[in-house]
2 protein chains.
Amino acid sequence: MVAQRGRRNGRNGSAPAAKSASDVDNAPTAPLPVTGGDPTTAPTGAASAGGAGSNTTRSIPEAAVARLAVYLRVLSAMAEQGATTVSSEELSAAAGVNSAKLRKDLSYLGSYGTRGVGYEVEVLIGQIERTLGLTRKHKVAVVGIGNLGHALANYGGFPGRGFPVAALFDIDPDLIGVPVGGIPVSHLDDIPKVCVERDISIGVIATPPAAAQSVCDRLVAGGVQSILNFAPAVLQVPDHVEVRKVDLAVELQILSFHVARKAGGEVEGREADGNAEGGADGDAKGAVMS
Amino acid sequence: MVAQRGRRNGRNGSAPAAKSASDVDNAPTAPLPVTGGDPTTAPTGAASAGGAGSNTTRSIPEAAVARLAVYLRVLSAMAEQGATTVSSEELSAAAGVNSAKLRKDLSYLGSYGTRGVGYEVEVLIGQIERTLGLTRKHKVAVVGIGNLGHALANYGGFPGRGFPVAALFDIDPDLIGVPVGGIPVSHLDDIPKVCVERDISIGVIATPPAAAQSVCDRLVAGGVQSILNFAPAVLQVPDHVEVRKVDLAVELQILSFHVARKAGGEVEGREADGNAEGGADGDAKGAVMS
DNA sequence: CTTTGTGAAGACCTTCACAGCC
DNA sequence: GGCTGTGAAGGTCTTCACAAAG
């Protein structure tokens with residue numbers, strides 16, 4: 001085997017320092033030396049769990065975790081339909097991945113399948129929920145009740161269950177105290193206090209970019225461990241805080257890249273696999289949307 | 001990050017108005033209507049997610065493309081501040097990546113740096129825009145004008161420039177014809193026709209999951225080449241169509257996973273809320289200043 | 001000197017293919 | 001026979017470290 005050095009899953013880098021005159025309103029941000037950045041990200045190794053003692057669970061690849069969430073959704077739908085068992089072939093097809101990958105992903109949970117038969121739906125659901133930490137609720141705070149924040153707060157309790165929105169924040173005086181989706185909006189200044197009081201574990205940032213870092217700092221001060229950032233800004237956080245970002249502009253630009261690639265590269269003869277017509281599929285299903 | 005200076009705390013523009021009648025359904029989205037979602041349809045795995053395909057040509061890694069978009073944003077902010085050149089060290093710190101990765105990413109564009117000096121901001125901006133295909137506009141259609149779709153349609157022309165929203169669709173009769181963000185809402189049935197007429201190149205799906213595949217098929221029939229999917233559903237598309245998904249539930253579950261992992265092997269203790277879900281947790285604690 | 005650009009090494013993920021159990 | 005679980009092969013992306021250029 002190979003001797004591995006730093007284990008630790010690559011999280012988002014967290015060594016860099018903000019530069020420029022980040023106005024950041026309020027920002028009492030520390031100086032943060034930019035130069036001499038220590039290339040070797042050497043956080044206190046600790047946390048990584050792995051090391052000490054034997055662990056029953058070896059770290060699951062980040063990519064696999066994301067897929068587990070998808071499998072869970074598909075399995076729940078199947079269970080509701082009455083299915084009791086599934087094969088890796090069926091489940092993988094429904095989840096849009098190939099079966100080998102699915103089996104590998106499930107193997108991180110342990111061995112819960114039956115050879116020659118498949119997996120028991122309920123068992124699998126239970127195991128994935130346990131692994132993803134869904135056996136307990138994670139209270140969510142949404143910061144920035146603008147268009148997006150408003151939508152998030154009204155998301156009917158938030159996607160799937162288990163993520164109750166328990167706090168809302170904004171800086172607009174006209175919004176403070178106004179209930180949105182049943183929760184009154186509090187002021188940004190109260191983030192630390194309210195997050196501690198309500199035991200918030202996940203913070204969602206839906207503010208303009210200029211306010212994002214400041215809001216992030218307050219969430220961290222409030223003991224929030226994970227942050228979902230919708231603001232187009234790079235956040236600086238302590239090593240123990242997990243950040244995931246959803247950047248609409250980036251997504252669109254990636255799509256733009258692919259459009260350009262397809263259109264621009266039309267040099268050769270064969271590009272799009274023919275099939276210009278998609279064959280309008282008349283499958284009109286009842287859409288139950290808003 | 002730059003951004004305007006001065007001004008304490010960015011104000012969150014919150015568009016009050018809106019609302020009106022229950023601003024949009026909301027419909028807690030019945031937990032996956034048992035509709036014949038037919039999870040069993042197993043179209044030979046194939047295609048779908050993942051680059052897969054034979055990227056024979058030296059194409060830029062997908063991961064690098066996503067970062068280029070971030071660099072572009074950072075560079076634009078720097079340019080506004082008056083910066084004319086940047087070193088890989090500065091830019092990488094501001095973008096939250098390490099400098100080697102940044103240089104490697106930029107090398108996909110060609111050689112636009114000057115050794116011993118750095119990169120010229122304007123030149124870099126131009127090259128990234130060219131590579132991402134941002135030199136032309138990509139018209140966007142938003143389908144599903146619920147909470148989220150409404151927010152997207154009002155996103156002020158959409159993140160950054162270059163992605164004008166040119167069409168909106170929904171199935172609700174009360175919404176058809178009503179202008180949102182300046183564009184009147186059309187019916188789902190008109191997707192193919194309208195997309196062709198207005199030369200839409202990117203479709204954004206913000207409908208409930210049950211309607212997603214049907215909407216997707218219509219977008220494809222309308223010649224849309226790229227789709228950004230916010231619905232928690234796996235989409236089946238022809239090879240020449242690019243799909244990216246943004247799944248809120250998945251993001252939260254990934255964060256949940258990390259929270260659980262940090263909480264350690266045990267520590268259950270907390271749990272607290274023994275209440276059955278029901279939701280509305282009392283917790284009407286103060287903080288309601290108004 | 002400083003900083004870019006890049007081969008090479010390595011970490012990470014995916015895919016293959018088959019042994020092993022039903 | 002059918003299907004899972006997994007070592008090993010194969011790719012992709014990241015990091016290292018250094019030669020080349022200014």
Side-chain angles (χ1 to χ4, degrees), chain A residues 1-13 15-16 34-42 48 50 58-68 71 85-93 95-120 123-124 127, chain B residues 42 45-68 71 85-93 95-120 123-124 127:
Chain A
M1 296 316 203
V2 185
Q4 51 181 153
R5 327 180 7 167
R7 62 175 57 84
R8 173 174 214 66
N9 270 346
R11 276 285 50 80
N12 52 355
V34 177
T35 48
D38 182 346
T40 53
T41 319
S48 254
R58 58 195 58 202
S59 65
I60 302 177
E62 184 88 7
V65 173
R67 287 189 299 267
L68 284 175
Y71 304 153
T85 64
V86 265
S87 65
S88 61
E89 208 61 60
E90 293 174 291
L91 183 50
S92 66
V97 303
N98 80 34
S99 65
K101 190 188 291 184
L102 176 126
R103 288 198 301 279
K104 178 75 86 179
D105 288 344
L106 293 186
S107 77
Y108 293 119
L109 309 178
S111 289
Y112 296 101
T114 305
R115 293 167 197 244
V117 180
Y119 302 86
E120 244 183 274
V123 171
L124 220 44
Q127 288 306 319
Chain B
S48 87
S54 51
N55 278 351
T56 46
T57 30
R58 61 182 58 197
S59 62
I60 303 178
E62 185 88 4
V65 173
R67 288 190 298 268
L68 285 174
Y71 305 153
T85 64
V86 266
S87 65
S88 61
E89 208 61 60
E90 292 175 293
L91 182 51
S92 66
V97 303
N98 82 31
S99 65
K101 190 188 291 183
L102 176 126
R103 288 198 301 277
K104 178 76 84 179
D105 288 345
L106 293 185
S107 77
Y108 293 119
L109 310 178
S111 289
Y112 297 100
T114 304
R115 295 170 195 239
V117 180
Y119 302 86
E120 243 183 273
V123 172
L124 221 45
Q127 288 307 319

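Residue numbers begin at 1 in each chain, while the letters A, B, ... track the order of the sequences.
Checking the phosphate oxygens (OP1, OP2) of D:dT4, a side-chain nitrogen or oxygen of A:S88 falls inside 4.0 Å. Between B:Y119 and the phosphate of C:dG5, there is a side-chain N or O to OP1/OP2 separation shorter than 4.0 Å.
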(request) Applying side chain to side chain contact (heavy atoms under 4.5 Å, CB included), run through B:N98 and B:S92 and close with a yes or a no. (result) CA-CA 6 Å; B:N98 82 31; B:S92 66; 5.9 Å; no
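For B:R67 and D:dT12, the CZ to C1' distance is 12 Å, given to the nearest whole Å. Between the CD1 atom of A:I60 and the C1' atom of C:dT14 there is a distance of 17 Å, given to the nearest Å. Separating the CG atom of B:D105 from the P atom of D:dT12 is a distance of 17 Å, rounded to the nearest angstrom. Whole-Å rounding puts the B:N98 CG to D:dT14 C1' distance at 8 Å. Distance CD (A:E62) to P (C:dC13): 8 Å, rounded to an integer number of Å. Summarising the geometry, the separation between CG on A:L106 and P on D:dT4 is reported as 9 Å, rounded to the nearest angstrom. When rounded to the nearest whole Å, the span between NZ of B:K101 and C1' of C:dG5 equals 17 Å. Between the CG atom of A:L91 and the P atom of D:dC3 there is a distance of 14 Å, rounded to whole Å.
Within the 4.0 angstrom heavy-atom criterion, no nucleotide atom of any strand lies near B:Y108.
Between the CG atom of B:L102 and the OH atom of B:Y71 there is a distance of 4.5 Å, given to the nearest 0.5 Å.
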Ignoring hydrogens and angles, write down the donor-acceptor pairs under 3.5 Å from the side chains of residues 106-116 of chain B, residues two or more places apart or on other chains.
unit_1, atom_1, unit_2, atom_2, d
B:S107, OG, B:K104, O, 2.6
B:Y112, OH, B:Q127, OE1, 3.2

Under 3.5 Å, which N/O atoms of the protein pair with N/O atoms of nucleotides 6-9 of chain C?
unit_1, atom_1, unit_2, atom_2, d
C:dG7, O6, B:K104, NZ, 3.4

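Where the helix from C:dC1-D:dG22 to C:dC22-D:dG1 starts and where it ends, the local axes point in directions that differ by 0°; five pairs per end, rounded to 10°.
Applying the salt bridge (Lys or Arg N to Asp or Glu O under 4.0 Å) rule to B:R67 yields the partners B:D105; only residues at least two apart in sequence or on another chain are considered. Evaluation of the side-chain contact (heavy atoms from CB on, under 4.5 Å) rule for B:S87 yields B:E89, B:E90 as partners, not counting sequence neighbours.
Within a 6.0 Å radius of CD in B:E62, more than 12 heavy atoms belonging to other residues, nucleotides or ligands are found.
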